[in-house]
There are 2 protein chains.
Amino acid sequence: MNTQRAAVEILREKCVEHGLKLTPQRIAIYEAICHTTDHPSADKIFKKIKGKFPSMSFDTVNRTLLTFSAIGLLKVVEGHGDPKRFDPNLKQHHHFRCIRCNTIIDVYSRYYDSVKIPQDIQSRFTVLGKRVVLEGICKQCRKKS
Amino acid sequence: MNTQRAAVEILREKCVEHGLKLTPQRIAIYEAICHTTDHPSADKIFKKIKGKFPSMSFDTVNRTLLTFSAIGLLKVVEGHGDPKRFDPNLKQHHHFRCIRCNTIIDVYSRYYDSVKIPQDIQSRFTVLGKRVVLEGICKQCRKKS
DNA sequence: TTATTATATAGGATTAATTCTTAATTGCAA
DNA sequence: TTGCAATTAAGAATTAATCCTATATAATAA
């Protein structure tokens with residue numbers, strides 16, 4: 001698949017750039033998370049990979065995800081005290097979180113992208129990223145009640 | 001102190017509203033968190049209270065904070081997989097998070113308050129809250145490097 | 001290629017965070 | 001007051017995250 005090849009190439013570049021080895025584990029983990037849009041936890045990725053890669057340890061998955069986060073291959077999304085959740089989507093986007101089922105859904109909006117950093121905030125901090133975070137009830141949970 | 005009395009009254013109202021008992025533990029915990037602006041974890045609140053209330057258990061602090069969160073007395077702030085952090089500030093506000101020291105600083109901005117919920121998002125979700133979340137380097141950490 | 005070496009991994013141990021269990025206590029309504 | 005349902009303390013159990021170390025391996029250079 002095209003997107004898979006692209007993923008390995010992106011990974012390879014980043015590894016070379018940071019002097020990291022391109023191991024089968026790293027490839028499997030990066031490909032696994034690239035196929036998600038639900039911001040999975042380390043444990044979810046671990047379980048997903050277990051079938052194809054029975055010898056992999058949870059520690060490797062967790063450590064690798066943190067490494068990826070450190071080199072900017074993915075981000076830890078803002079959560080609410082539950083296990084860390086990872087997001088391979090580096091494009092500017094926003095999040096909606098359901099307070100019932102705790103799902104985090106990507107929101108794309110030019111309008112939100114265009115929200116500016118006011119001058120007084122710029123002088124207080126070095127702002128590297130911004131995001132609009134919405135919360136409420138998702139469609140599925142709305143149906144249930 | 002005036003703000004302290006106010007805190008107890010707010011707590012009492014909410015407790016009556018939800019059929020909860022007004023216990024000394026709840027009062028102590030609510031007053032403690034009302035005096036913070038640094039979005040402390042349950043553990044920090046626990047340590048803060050320990051001096052005045054040596055018999056209180058960590059579990060009580062944690063459970064009580066979650067109860068407060070459930071009845072809307074405070075909120076669990078968006079974090080990054082670390083222990084839950086609580087925010088008694090229910091006024092519309094925004095957050096800046098330092099990626100170095102993990103401090104979360106309140107940001108007040110009329111401009112950010114005025115950011116709207118687009119129509120297509122309203123139709124997908126029942127949006128109950130919104131916040132602009134900034135991240136970057138805070139002043140203190142900028143000095144260090 | 002092959003040898004070398006620094007890095008990475010597996011798997012179990014450890015630590016930390018959170019939640020559960022239970023017996024005792026205590027607000028508060030009657 | 002009294003009775004009872006809600007709440008608490010304390011420790012156990014569970015779950016999440018990190019650390020340790022012996023082994024394996026990717027990448028480099030001969």
Worksheet entry | 5' priority, DNA chain C, between A:S55 and B:P83 [closest heavy atom] | A:S55
Discussion item. With heavy-atom distances below 4.5 Å as the criterion, would you say the side chains of A:I105 and B:F125 are in contact?
Written reply: yes
Discussion item. My understanding is that only one of B:V133, B:I104, B:N89, B:D106 makes a side-chain contact (heavy atoms from CB on, under 4.5 Å) with B:V77; could you say which?
Written reply: B:I104
Item to complete: Ignoring backbone atoms, establish whether A:S57 has a side-chain N or O less than 4.0 Å from OP1 or OP2 of C:dA10.
Response: yes
Worksheet item: How would you label the contact of B:L66 with the nucleic acid (heavy atoms, under 4.0 Å): base, sugar-phosphate, or nothing?
Response: sugar-phosphate
Practice prompt. Determine, for A:R100 against A:E135, whether the closest basic-nitrogen to carboxylate-oxygen distance falls under 4.0 angstrom.
Written response: no
Practice prompt. Examine C:dT19: is either OP1 or OP2 under 4.0 Å from a nitrogen or oxygen in the side chain of B:R63? Give yes or no.
Written response: no
Worksheet item: A:L22 has an atom CG; how far is it from atom P of C:dA8, in whole Å?
Response: 11 Å
Discussion item. Please determine whether any donor N or O and acceptor N or O are separated by less than 3.5 Å between the side chain of B:D59 and the base of D:dA10.
Written reply: yes
Fill in: Gap between atoms CE and P, on A:M56 and C:dG12 respectively (whole Å)
16 Å
Worksheet entry | Rounded interatomic separation in angstrom, taking CZ from A:F46 and C1' from D:dA17 | 14 Å
Worksheet, complete the sentence: The nucleotide from C:dT9, C:dA10, D:dT7 with an atom nearest the side chain of B:T23 is D:dT7
Item to complete: Specify the separation, in whole Å, of atom NZ of A:K84 and atom P of D:dT15.
Response: 19 Å
Discussion item. Check this for me: does the side-chain of A:K21 come within 3.5 Å of the base of C:dA6 through a donor and an acceptor?
Written reply: yes
Worksheet item: How close or far is atom C1' of D:dT25 from atom CZ of A:F53, stated in whole angstroms?
Response: 12 Å
Worksheet item: Whole-Å distance between C:dA17 P and B:R85 CZ?
Response: 13 Å
Worksheet item: Between B:T126 and A:R142, is any side-chain donor less than 3.5 angstrom from a side-chain acceptor?
Response: yes
Worksheet item: Which whole-number value in Å describes the distance from B:D43 CG to C:dT19 P?
Response: 14 Å
Practice prompt. Looking only at side-chain atoms of B:Q25, point me to the closest of D:dA9, C:dA6, D:dT7.
Written response: D:dA9
Practice prompt. Rounded off to whole Å, could you give me the CD1-to-C1' distance for the A:I27 and D:dA27 pair?
Written response: 14 Å
Item to complete: Would you indicate which nucleotide in D:dT18, D:dT25, C:dA17 comes nearest to any side-chain atom of A:N62?
Response: D:dT18
Worksheet entry | 5′-ward residue of the pair B:P54/B:L20 relative to DNA chain D | B:L20
Worksheet item: Under a 4.0 Å N-O cut-off, is there an ion pair linking B:E78 with B:R131?
Response: yes
Worksheet item: Looking for any heavy atom pair under 4.0 Å, which part of the strands does A:P24 touch: base, sugar-phosphate only, or nothing?
Response: sugar-phosphate
Worksheet item: Would B:K47 and B:D43 pass as an ion pair if we require N to O under 4.0 Å?
Response: yes
Worksheet item: Any side-chain N or O of A:T60 less than 4.0 Å from the OP1 or OP2 oxygen of C:dA10?
Response: yes
Worksheet item: Nearest of D:dA5, D:dT8, D:dT18 to any side-chain atom of B:T64?
Response: D:dT8
